[in-house]
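These notes are about the structure you will find just below.
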Amino acid sequence: QVQLVESGGGLVQAGGSLRLSCAASGRTFSSYAMGWFRQAPGKEREFVAAFSWSGGNTYYRDSVKGRFTISRDNAKNTVYLQMNSLKPEDTAVYYCAARFGGRAYYTDRSYDYWGQGTQVTVSS
């Protein structure tokens, strides 16, 4: 079992920044590949960013490339999502998730554990 707890969400003006954190506990954190997803009201959950299974590569949805950065600190059992130049369309509940094995990083069906989510609201 892996427990994931997100934090760092909030209300920010367009153009601002937030850093989300996801603290993990339970089984060995470094054994899992981590990802971030988001879900806006009335929309399906969508992929935002993820590490490859090896941890050597990172992936982003096109709309956040150059603005968001995923990182992890295995010593702290924490994964981060640095979000810069935020836009109103980034408003959503953000979830971190953990997957075991080399399954596809971009679909939520590949992930075994999920956090409870943290709200990000970007005002125009």
Side-chain angles (χ1 to χ4, degrees):
Q1 283 281 357
V2 174
Q3 293 79 41
L4 303 173
V5 179
E6 301 98 333
S7 61
L11 173 63
V12 64
Q13 289 188 332
S17 298
L18 285 173
R19 188 177 80 157
L20 306 183
S21 300
C22 174
S25 61
R27 294 184 63 180
T28 306
F29 175 68
S30 59
S31 299
Y32 288 83
M34 302 299 294
W36 287 94
F37 287 74
R38 67 187 182 187
Q39 188 168 21
K43 295 186 177 181
E44 293 187 354
R45 188 161 55 188
E46 63 183 20
F47 164 74
V48 177
F51 282 99
S52 63
W53 170 238
S54 68
N57 294 302
T58 54
Y59 306 100
Y60 299 92
R61 71 179 298 106
D62 286 346
S63 62
V64 308
K65 284 180 181 177
R67 300 189 297 122
F68 290 13
T69 303
I70 187 172
S71 62
R72 67 189 293 164
D73 185 337
N74 286 341
K76 295 182 178 180
N77 283 4
T78 301
V79 64
Y80 304 97
L81 186 68
Q82 178 66 44
M83 306 186 296
N84 299 328
S85 302
L86 282 161
K87 304 176 180 180
E89 51 263 44
D90 295 318
T91 295
V93 177
Y94 283 70
Y95 300 90
C96 70
R99 73 186 189 277
F100 186 76
R103 289 170 287 174
Y105 62 86
Y106 50 82
T107 173
D108 56 6
R109 294 189 296 272
S110 295
Y111 290 79
D112 303 292
Y113 301 101
W114 292 84
Q116 83 289 349
T118 185
Q119 176 71 47
V120 171
T121 303
V122 184
S123 63
S124 57

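In this text, all values refer to a predicted model and were calculated from it rather than measured experimentally.
Here the side chains of D108 and E44 are not in contact, with every heavy-atom distance at 4.5 Å or above.
Scanning all heavy atoms of the two residues, the minimum distance from S124 to P88 falls at CB-CG, 3.8 Å. Taking each heavy atom of A24 and V2 in turn, the nearest pair found is CB-CG1, 4.3 Å. Shown here for L11 and S123, the closest heavy-atom pair between the two residues is CD1-CB, 4.4 Å. Taking each heavy atom of R38 and R61 in turn, the nearest pair found is NH2-CD, 3.9 Å. Of all non-hydrogen atoms in V48 and V64, the two that sit nearest each other are O-CG2, 3.7 Å. Heavy-atom minimum distance, S85 versus S17: N-OG, 4.3 Å.
Remark: the backbone N or O of V122 is paired with a side-chain donor or acceptor of T91 at under 3.5 angstrom. Y60 places a side-chain N or O within 3.5 Å of a backbone atom of I70 that can act as its donor or acceptor partner. A donor-acceptor pair is defined here as one N or O able to donate and one able to accept, closer than 3.5 Å; no such pair exists between the side chain of R99 and the backbone of S110.
Separating the CD atom in E6 from the CH2 atom in W36 is a distance of 5.5 Å, to the nearest 0.5 Å. Atom OG in S21 sits 9.5 Å away from atom CD in Q82 (nearest 0.5 Å). Y80 contributes atom OH, which lies 9.0 Å from atom OG of S7 (distance to the nearest 0.5 angstrom). Expressed to the nearest 0.5 Å, how far CZ of F68 lies from OG1 of T58 amounts to 14.0 Å. Note that CG of N77 is 11.0 Å distant from CD of Q3, once rounded to the nearest 0.5 Å. R72 CZ to C96 SG: the interatomic distance, rounded to the nearest 0.5 Å, is 11.0 Å.
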Take M83 and V12 through the test side chain to side chain contact (heavy atoms under 4.5 Å, CB included) and record every step on the way to the result.
CA-CA 11 Å; M83 306 186 296; V12 64; over 6 Å; no
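Using a cutoff of 4.0 Å between basic side-chain nitrogens and carboxylate oxygens, K87 and D90 are not scored as salt-bridged.
Think of Y111 as one node in a network of Ile, Leu, Val, Met, Phe, Trp and Tyr side chains linked at under 4.5 Å; its network also takes in F37, F47, Y59, V93, Y95, Y105, Y106, W114.
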